[in-house]
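In listed order, ligands and their atoms are each counted from 1. Reckoned from all heavy atoms, side chains included, excluding hydrogens, waters and symmetry mates.
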Amino acid sequence: MGTVVDTANKEANGSSLSEKKVTVVFVLGGPGSGKGTQCENIVRHFGYTHLSAGDLLRAEIKSGSENGTMIQNMIKDGKIVPSEVTIKLLQRAMLESSNDKFLIDGFPRNEENRAVFESVTGIEPEFVLFLDCPKEEMERRLLGRNQVRQMFFPIEKTILLLSSQLHYPFLLCYVKGREDDNIDTIRKRFKVYMESSLPVIEYYNSKGKVRKILLCFLLQIDAAKTVEEVFEAVKAVFTKMNPVEFNIELKRGKKDMLPRCCTSLGNFFAAYYDTTISGVFRARPVRSHVSYDCDRGLI
Ligand SMILES: Nc1ncnc2c1ncn2[C@@H]1O[C@H](COP(=O)(O)OP(=O)(O)OP(=O)(O)O)[C@@H](O)[C@H]1O
Ligand SMILES: O=c1ccn([C@@H]2O[C@H](COP(=O)(O)O)[C@@H](O)[C@H]2O)c(=O)[nH]1
């Protein structure tokens, strides 16, 4: 007998995800690190479809589904919704889309999410985009997110005024924005992120799949990067996504030779290398038209 997720895999249009070859990039980072904001930019520039696991869960609540109340309670408490529920929603969204490139934002949230997703769908991410942001900055952003809604959306602003001037506090429920953007739930979300989500990033890091973007300038106070500055770094990751990656064996076995070797190969290689494999270094071509003949340890 098939599981719930197996069924979801088949039901959207009679086909399954294993038949539809898809490229998946996981976009991970703490609550409020700017995942959704950067995903919008990636969609515009690189033609991906953005699937926010949180948005799919919120839509499921609104749809009146039988799982709605359970999901709502989990979100209110900052807890992780059971894997089969979230994976089913993600699978359905991928099958219903005509696109084959997906940014999965805010998932996997824990090791179980990751393992079940990989085994059920047979999909491994191309890479993981990790937005690394200090906690204080994330907290500021999350607390600011609802205020921005209230200040700039005219209908919400009017309701806010009415609620205070006419003493109709119940109207406030229309302008609250995300229910989990309050300090109590934010703290719970941070705890879950540290304890359950960071290990997923560490797992993919051990497989060389993490592309980390630092969201603050180092050694500077109040130095959060703007959306545009962050996107410059994100763009570089996506632009370099496709080049062939290959190993260059340094015959003399000295890692400090690599930048010079790269230069001697015509500046075709970024000075990026992976010293985890002794004596073997990985280099990425900077230009897409570079010939790959030198992929055989010629140095
Ligand atoms: N680089 C930035 N500088 C300042 N504010 C930002 C930046 N990036 C995003 N924001 C703002 O921070 C808030 C959170 O951003 P966003 O919703 O993209 O984060 P998220 O990681 O998707 O959040 P969540 O984990 O809650 O889904 C938003 O109000 C957004 O406008
Ligand atoms: O894979 C997921 C994604 C989200 N959740 C729950 O939703 C909220 C909000 O998520 P955002 O990514 O911030 O939109 C999160 O705190 C979890 O409660 C989930 O369970 N699984």
Side-chain angles (χ1 to χ4, degrees), residues 5 24 26-43 50-62 67-91 93 103-117 129-153 177-197 200-201 213-217 222-234:
V5 264
V24 163
F26 288 145
V27 181
L28 299 179
S33 54
K35 301 180 292 297
T37 306
Q38 291 304 322
C39 283
E40 280 175 27
N41 285 332
I42 301 166
V43 165
H50 175 205
L51 299 179
S52 154
D55 284 351
L56 289 171
L57 290 168
R58 283 181 285 273
E60 189 69 357
I61 300 172
K62 282 204 183 127
N67 285 324
T69 310
M70 179 271 291
I71 299 173
Q72 189 166 26
N73 288 335
M74 302 292 272
I75 291 183
K76 221 186 283 173
D77 238 359
K79 290 188 180 144
I80 299 171
V81 171
S83 296
E84 66 168 28
V85 173
T86 315
I87 292 171
K88 187 175 166 186
L89 296 173
L90 288 168
Q91 281 182 303
L103 297 171
I104 298 192
D105 161 4
F107 178 95
R109 225 66 180 193
N110 60 15
E111 271 293 288
E112 198 230 351
N113 275 179
R114 179 197 66 71
V116 178
F117 179 85
L129 185 72
F130 168 37
L131 302 185
D132 188 13
C133 189
K135 202 167 132 201
E136 298 69 29
E137 177 65 21
M138 294 194 282
E139 190 172 298
R140 229 185 336 260
R141 289 181 188 179
L142 290 174
L143 291 172
R145 189 159 55 183
N146 279 341
Q147 284 169 17
V148 170
R149 277 171 61 99
Q150 290 168 6
M151 276 162 51
F152 293 110
F153 288 75
R178 271 183 59 166
E179 215 168 352
D180 53 348
D181 281 351
N182 63 76
I183 196 65
D184 282 347
T185 313
I186 288 171
R187 300 247 155 99
K188 288 180 188 159
R189 286 156 75 193
F190 281 150
K191 190 164 184 292
V192 170
Y193 170 66
M194 301 295 286
E195 289 172 1
S196 305
S197 311
V200 176
I201 296 166
I213 309 288
L214 286 176
L215 296 203
C216 282
F217 293 104
D222 277 342
K225 295 180 186 171
T226 62
V227 172
E228 294 73 27
E229 283 164 340
V230 176
F231 189 57
E232 278 310 302
V234 168

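The closest heavy-atom contact to atom 7 (C) of ligand 1, among the options K35, E40, R141, R140, comes from R141.
Put simply, the side chain of E229 never gets that close to the backbone of C216: no donor and acceptor are under 3.5 Å apart. Not one N or O on the side chain of T185 forms a donor-acceptor pair closer than 3.5 Å with the backbone of G78. No side-chain donor-acceptor contact under 3.5 Å links R109 to the backbone of S196. A donor-acceptor distance shorter than 3.5 angstrom exists from the side chain of K225 to the backbone of L214, with no hydrogens or angles considered.
Salt bridge absent: E139 and K135 never bring a charged side-chain N and a carboxylate O closer than 4.0 Å. Look at E137 and R141 and you find a salt bridge, because one of the NZ, NE, NH1 or NH2 atoms lies within 4.0 Å of a carboxylate O, short of that distance.
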task: Any chance you could lay out the salt bridge (Lys or Arg N to Asp or Glu O under 4.0 Å) test for D180 and R145, step after step, and finish with the verdict?
output: CA-CA 11 Å; D180 53 348; R145 189 159 55 183; 5.3 Å; no

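Residue contact check: L142 has heavy atoms under 4.0 Å from atoms 26 (O) of ligand 1. Counting atoms of ligand 1 from 1 in the listed order, those under 4.0 Å from a heavy atom of G32 are 14 (C), 19 (O), 20 (P), 21 (O), 23 (O), 24 (P), 25 (O), 26 (O). The distance from ligand 1 to the heavy atoms of R178 drops below 4.0 Å at these ligand atoms: 26 (O), 27 (O).
Under 4.0 angstrom from ligand 1, the non-hydrogen atoms of K225 all belong to its backbone.
Between T37 and ligand 1, a contact under 3.5 Å exists for at least one N or O pair. When only interatomic distances are considered, the shortest N/O to N/O separation between D181 and ligand 1 does not fall below 3.5 Å. Note: an N/O pair closer than 3.5 Å links G36 and ligand 1 by distance alone. Here's the thing with G34: one of its N/O atoms is less than 3.5 angstrom from an N/O atom of ligand 1.
Using a non-hydrogen distance threshold of 4.0 Å, D105 does not register as a contact of ligand 1. Contact analysis puts P31 in contact with ligand 1, with a non-hydrogen atom separation below 4.0 angstrom. At least one heavy atom of S33 lies less than 4.0 angstrom from ligand 1. For the pair R189 and ligand 1, a heavy-atom separation below 4.0 Å is found.
Annotation for A93 and L51: closest pair CB-CD2, 3.7 Å, computed over non-hydrogen atoms. Closest non-hydrogen pair, G29 versus Y193, comes out as C-CE1, 3.6 Å.
Among the candidates D181, D77, D184, the single residue satisfying the salt bridge (charged side-chain N to carboxylate O under 4.0 Å, His left out) test with R189 is D181.
Remark: E60 pairs with S65 by the side chain to side chain donor-acceptor pair (under 3.5 Å) rule, at least two apart or across chains.
In the displayed structure, K188 atom NZ is contacted under 6.0 Å by more than 12 heavy atoms of other residues, nucleotides or ligands.
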Show the short N or O contacts, below 3.5 Å, that ligand 2 makes with protein N or O atoms; if there are none, say 'none'.
unit_1   : atom_1 : unit_2 : atom_2 : d
ligand 2 : 1 (O)  : G106   : O      : 3.4
ligand 2 : 10 (O) : R109   : NH2    : 3.3
ligand 2 : 12 (O) : R109   : NH1    : 2.9
ligand 2 : 12 (O) : R109   : NH2    : 3.4
ligand 2 : 13 (O) : R178   : NH2    : 2.9
ligand 2 : 13 (O) : R189   : NH2    : 3.4
ligand 2 : 14 (O) : R58    : NH1    : 3.2
ligand 2 : 14 (O) : R58    : NH2    : 2.9
ligand 2 : 14 (O) : R178   : NH1    : 3.3
ligand 2 : 14 (O) : R178   : NH2    : 3.4
ligand 2 : 18 (O) : K79    : O      : 2.6
ligand 2 : 20 (O) : V81    : N      : 2.7

